[in-house]
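Numbering starts at 1 and runs along the sequence shown.
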Amino acid sequence: MEKHEHTHAVLRRLARASGHLDAVRRMIEEGRDCSEVLIQLSAVRAELANAGKVILKDHIDHCVVRAVRENDEESIRLLKGAIDSLL
């Protein structure tokens with residue numbers, strides 16, 4: 001498995017998202033205000049979206065460039081599917 005340039009950045013973002021999600025769970029268990037919970041959920045979504053963007057950029061910079069050079073249509077097709085899933 002290939003390790004990409006931004007692996008550590010993605011892992012940090014995922015750790016933050018996980019921490020926010022843990023906070024959401026605790027807030028719900030404690031019966032905290034819904035607006036506070038929604039703000040934390042928004043933070044989780046933002047971290048996940050940012051992690052997805054970093055992974056996508058890294059994928060384009062490395063894998064897609066290689067796929068285009070090698071005329072690898074399957075990798076390009078998979079990228080299109082991944083973009084659809086991300087969006």
Side-chain angles (χ1 to χ4, degrees):
M1 177 175 220
E2 184 180 344
K3 191 169 185 177
H4 290 279
E5 178 182 347
H6 298 100
T7 298
H8 294 295
V10 169
L11 291 173
R12 280 193 308 271
R13 289 180 186 282
L14 293 176
R16 281 195 300 264
S18 179
H20 285 299
L21 194 54
D22 289 339
V24 168
R25 189 178 330 104
R26 284 190 305 273
M27 292 170 80
I28 291 172
E29 290 171 349
E30 296 167 359
R32 298 273 295 272
D33 183 68
C34 293
S35 61
E36 293 176 31
V37 172
L38 291 170
I39 290 168
Q40 283 296 317
L41 280 175
S42 176
V44 172
R45 287 178 36 175
E47 288 296 346
L48 292 175
N50 287 332
K53 289 175 192 175
V54 171
I55 291 170
L56 179 59
K57 181 186 178 307
D58 206 33
H59 184 60
I60 289 169
D61 288 347
H62 297 96
C63 304
V64 174
V65 169
R66 179 197 46 76
V68 169
R69 282 187 194 134
E70 297 174 5
N71 198 26
D72 182 355
E73 293 180 21
E74 176 65 11
S75 290
I76 294 169
R77 185 188 67 74
L78 290 172
L79 170 65
K80 290 176 183 177
I83 290 171
D84 286 343
S85 295
L86 182 63
L87 301 177

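Using a 4.5 Å cut-off on side-chain heavy atoms (C-beta onward), L79 and L56 make contact. A 4.5 Å side-chain heavy-atom check between D22 and S18 finds at least one atom pair inside the cut-off. Counting only heavy atoms from C-beta outward, the side chains of R66 and S75 approach each other to under 4.5 Å. For the pair L14 and E47, the minimum side-chain heavy-atom distance is 4.5 Å or more.
Without hydrogens or angle criteria, S42 side chain to L38 main chain gives no donor-acceptor distance under 3.5 Å. Remark: the backbone N or O of A46 is paired with a side-chain donor or acceptor of N50 at under 3.5 angstrom.
Ionic pairing of E29 and R25 is not present here: no N-O contact between side-chain nitrogen and carboxylate oxygen is shorter than 4.0 angstrom. Look at E74 and R77 and you find a salt bridge, because one of the NZ, NE, NH1 or NH2 atoms lies within 4.0 Å of a carboxylate O, short of that distance.
The CZ atom of R12 sits 10.5 Å away from the OG1 atom of T7 when rounded to the nearest 0.5 Å. I39 CD1 to C34 SG: the interatomic distance, rounded to the nearest 0.5 Å, is 11.5 Å. Between atom CG of residue L78 and atom CG of residue D72 there is a gap of 8.5 Å, rounded to the nearest 0.5 Å. The line from CE of M27 to CD of E36 is 4.5 Å long, rounded to the nearest 0.5 Å. Atom NZ of K53 is separated from atom CZ of R13 by 9.0 Å, given to the nearest 0.5 angstrom.
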**OP:** I would like to know whether E30 and R26 meet salt bridge (charged side-chain N to carboxylate O under 4.0 Å, His left out); could you show each step before the answer?
**Re:** CA-CA 6 Å; E30 296 167 359; R26 284 190 305 273; 5.4 Å; no
Subject >> Check against salt bridge (charged side-chain N to carboxylate O under 4.0 Å, His left out), D61 and K57 >> reply: CA-CA 6 Å; D61 288 347; K57 181 186 178 307; 2.7 Å; yes
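Contact detail for A67 and I76: the closest heavy-atom pair is CB-CG1, 4.2 Å. Smallest separation of non-hydrogen atoms from A17 and V44: O-CG2, 3.8 Å.
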